[in-house]
Asker: 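Sharing a structure here in structure tokens format.
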Amino acid sequence: MAMNRIQFQAGLSMAAFFERYGTEALCTAALERARWPDGFRCPRCGGAAHCLLHGGARKVFQCNTCRHQTSLIAGTVFQGTKLPLTVWFLALYLISQAKTGLSALALKRHLGVSYPTAWLIHHKVMQAMAARDAHYVLAGQVQVDDAYLGGERSGGKAGRGSENKIPFVAAVSFSDEGHPLRAKLSPVPAFTLTAIAQWANAHLAPGSTVRSDGLACFSAVTAAGCSHQPIVVAGRKPRDLPEFQWINTVLGNLKTSLTGSYHAFDFGKYAARYLAAFAYRFNRRFDLAALHERLLVAAARCGPHPERLVRLAEGHC
Ligand SMILES: [Zn+2]
């Protein structure tokens, strides 16, 4: 089966993880490397010359040029945390290695923190994943399909979702040989021409070739400079068409992951984040062993995301 290469890769063993990141000093050094791979850079002026101030639990960097002081975690997703980095690193490890995602409740038990703390850690890490993937657009051969969170697939009937269902576009890009490359899963207000035009402008490279079933709204990808190839086969649903095998596989895996790990009541408010976190893992599915390190880089560079922002309902796209 095509997925076996993914399922049977080695990953990062727990023993190897603790050897690399088992102490606060090891985590501090790893975060410093992830944040500033070429050495310290002042976040205010970009200067490299600095001195270290030791006063509190964490070292403070002072820029020699502008005297700006910053801690290692200020300006990262860890900003403001009172938890040891070892707890955060273990969270990154558990989230990166869990095949079908991880619930905040499971994270609470593994980390030994309260449920609200685990929930916040989980959402901040998912936000780092989403921010990282937001840099990429899909290009080349792209398949798209309409899908819903919180319900069965639409079967091509636009706008039929109930109030509890969150409509989203499922899109996968392919190599010239037909191998799936990257996925984007993006909530949209509805499956309308306007919404798909906005989605395409945000997530597709101009010149891409987009294949979909006959749902009319997908013709709006031409607004983003893409060509559209609807595949219409009378009497057959998109899920039965071999052309859509990978989209179906991705959506099937998504459903398994969400129903196994998360509570449905979170979806309405945080759909974009859950979907982006799933796509982040899919897009790095061949690199399980390095996923923790890549997630650390994402967390170090995505900027702070305080609880106030984490709990805001998200806009679409
Ligand atoms: Zn400076």
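Nothing here was measured: the structure is a model prediction, and the numbers come from that model. Just so you know, ligand 1 is whichever comes first in the structure, and atom 1 is the first atom listed for that ligand.
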Asker: Hey, what do you get for CZ (Arg273) to CE (Met129), rounding to the nearest 0.5 Å?
Answerer: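 Rounded to the nearest 0.5 Å, the CZ-CE separation comes out at 12.5 Å.
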Asker: Hey, what's the ring geometry for Phe78 with Trp88, parallel, tilted or perpendicular (30° and 60° as the breaks)?
Answerer: perpendicular
Asker: Please confirm whether the ring centroid of Tyr270 lies under 6.0 Å from the ring centroid of Tyr274.
Answerer: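 No, the ring of Tyr270 stays outside the 6.0 Å limit from the ring of Tyr274, centre to centre.
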Asker: Mind checking how many protein N/O/S atoms fall short of 2.8 Å from the Zn ion (ligand 1)?
Answerer: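 Those protein atoms number 4 in total.
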Asker: Using the ring of Tyr280 (Phe, Tyr or Trp, six-membered ring only), decide whether Arg284 places NZ or CZ under 6.0 Å from its centre and within 45 degrees of its axis.
Answerer: yes
Asker: Okay, side chain of Glu24, backbone of Thr86: is any donor-acceptor separation there less than 3.5 Å?
Answerer: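 Yes; at least one donor-acceptor contact below 3.5 Å.
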Asker: Under 30°, 30 to 60°, or over 60°: which ring-plane class applies to His203 and Trp199, parallel, tilted or perpendicular?
Answerer: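 His203 and Trp199: tilted rings.
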